[in-house]
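First up is the structure itself, then whatever we jot down about it.
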Number of protein chains: 2
Amino acid sequence: MDINKALAAFFALSQQTRLDVFRLLVKAGADGLNAGEIAALLDVKQNTMSANLTVLLNAGMVRNERHGRTIRYFADFDAMRAVLSFLMEDCCGGRPELCQPVIDELACAC
Amino acid sequence: MDINKALAAFFALSQQTRLDVFRLLVKAGADGLNAGEIAALLDVKQNTMSANLTVLLNAGMVRNERHGRTIRYFADFDAMRAVLSFLMEDCCGGRPELCQPVIDELACAC
DNA sequence: ACAATATATCAATTATTCATGAATTATGGA
DNA sequence: TCCATAATTCATGAATAATTGATATATTGT
């Protein structure tokens with residue numbers, strides 16, 4: 001992941017609606033959600049939501065698939081991992097002794 | 001970490017100069033860097049850098065310490081871990097089977 | 001107390017982002 | 001083909017963010 005991709009990812013996640021959308025899609029997992037459903041669930045106007053979905057899409061944080069006349073959106077888990085790795089990578093550049101605790105304490109809340 | 005703290009973190013990291021600063025401080029590790037050094041290294045005007053450092057500071061991504069007339073900045077590794085955990089937490093909310101691969105592949109590049 | 005250095009704050013300008021109404025494109029069904 | 005539905009694109013105005021010169025504050029050394 002280059003720095004511009006990382007910037008786009010952070011930018012996409014730095015706005016309330018878009019972060020809400022991403023979390024919603026993460027929770028929806030492999031099922032995803034239709035654009036219209038997302039707008040309704042978060043009570044955001046349809047075109048506003050479309051613009052925000054486009055930002056997430058361009059940042060690579062979500063994917064989409066057309067099914068008939070609906071378009072289904074999915075969180076991109078690979079992109080999420082890439083963002084986490086990007087910060088990790090920086091972390092490990094100089095000082096492994098600071099890096100390891102971060103990884104160790106990164107518990108999965110499953 | 002609540003959503004507002006997460007938004008502030010993502011916002012802070014979503015701008016070129018600030019992401020550069022954060023990476024620089026992560027690499028500098030426990031030694032940190034002085035405000036002036038950071039501005040010089042990244043070739044950014046002193047007051048512009050000061051404003052950007054304040055954004056990172058308010059977001060909790062960096063700490064600072066005054067040493068005489070210089071002010072030394074440090075990456076906050078706890079905050080970094082919190083941001084990573086925040087996304088992990090979402091990940092695990094619904095579907096552990098999607099979450100685990102993300103963690104497994106999150107290799108440390110030490 | 002004074003001068004020099006390091007950093008932060010202020011005020012103004014410019015640039016970017018956000019939300020929205022209106023128009024457009026794409027698909028499926030009658 | 002015509003209509004209805006789902007979603008995107010466009011143009012615009014309002015809000016927010018970024019940069020900068022000028023100024024203020026804090027600290028050290030003389």
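Order of the sequence lines fixes the chain letters, A, B, ..., with proteins taken first and strands second; residue numbering starts at 1 for each chain. What you see below is based on every heavy atom in this structure, not just the backbone, and it leaves out hydrogens, waters and symmetry mates.
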Given dT7(C), dG29(C), dG29(D), which nucleotide is nearest the side-chain atoms of T70(B)? dT7(C)
How many angstroms lie between [atom1] in [X] and [atom2] in [Y], if you round to the nearest 0.5 Å?
{"X": "N58(B)", "Y": "F11(B)", "atom1": "CG", "atom2": "CZ", "result": "11.0 Å"}
{"X": "L56(A)", "Y": "T17(A)", "atom1": "CG", "atom2": "OG1", "result": "10.0 Å"}
{"X": "L53(A)", "Y": "N47(A)", "atom1": "CG", "atom2": "CG", "result": "11.5 Å"}
{"X": "R18(A)", "Y": "L42(A)", "atom1": "CZ", "atom2": "CG", "result": "13.0 Å"}

If you compare every side-chain N and O of R66(B) against the phosphate oxygens of dA26(D) (OP1, OP2), does one of them come in below 4.0 Å? no
If you compare every side-chain N and O of Y73(B) against the phosphate oxygens of dA8(C) (OP1, OP2), does one of them come in below 4.0 Å? yes
Could you tell me how far apart [X] ([atom1]) and [N] ([atom2]) are, to the nearest whole angstrom?
{"X": "K45(B)", "N": "dT14(C)", "atom1": "NZ", "atom2": "P", "result": "17 Å"}
{"X": "L42(A)", "N": "dA19(C)", "atom1": "CG", "atom2": "P", "result": "12 Å"}
{"X": "R72(A)", "N": "dA6(D)", "atom1": "CZ", "atom2": "C1'", "result": "13 Å"}
{"X": "N34(A)", "N": "dA26(C)", "atom1": "CG", "atom2": "P", "result": "19 Å"}
{"X": "R69(B)", "N": "dA6(C)", "atom1": "CZ", "atom2": "P", "result": "7 Å"}
{"X": "N47(A)", "N": "dA7(D)", "atom1": "CG", "atom2": "P", "result": "13 Å"}
{"X": "Q46(B)", "N": "dT20(D)", "atom1": "CD", "atom2": "P", "result": "12 Å"}
{"X": "E37(B)", "N": "dT5(C)", "atom1": "CD", "atom2": "P", "result": "17 Å"}

Flag the pair Y73(A) / L33(A) as yes when at least one side-chain heavy-atom distance between them is below 4.5 Å, and no otherwise. no
With the threshold set at under 4.0 Å for non-hydrogen atoms, list the residues of residues 3-16 of chain A touching DNA chain C in residue-number order. F11(A), Q15(A)
With the threshold set at under 4.0 Å for non-hydrogen atoms, list the residues of residues 48-58 of chain A touching DNA chain C in residue-number order. T48(A), N52(A)
Just to be sure I understand the rule, does R18(B) reach a base, reach only the sugar-phosphate, or reach nothing, if contact means heavy atoms closer than 4.0 Å? sugar-phosphate
[X] and [Y]: which non-hydrogen atoms are nearest, and at how many Å?
{"X": "D76(A)", "Y": "G60(A)", "value": "CB-O, 3.6 Å"}
{"X": "R23(A)", "Y": "I3(B)", "value": "NH1-CD1, 3.3 Å"}
{"X": "M1(B)", "Y": "A82(B)", "value": "CE-CB, 3.7 Å"}

Quick check against the 3.5 Å criterion: does S50(B) have a side-chain atom that pairs as donor or acceptor with the backbone of Q46(B)? no
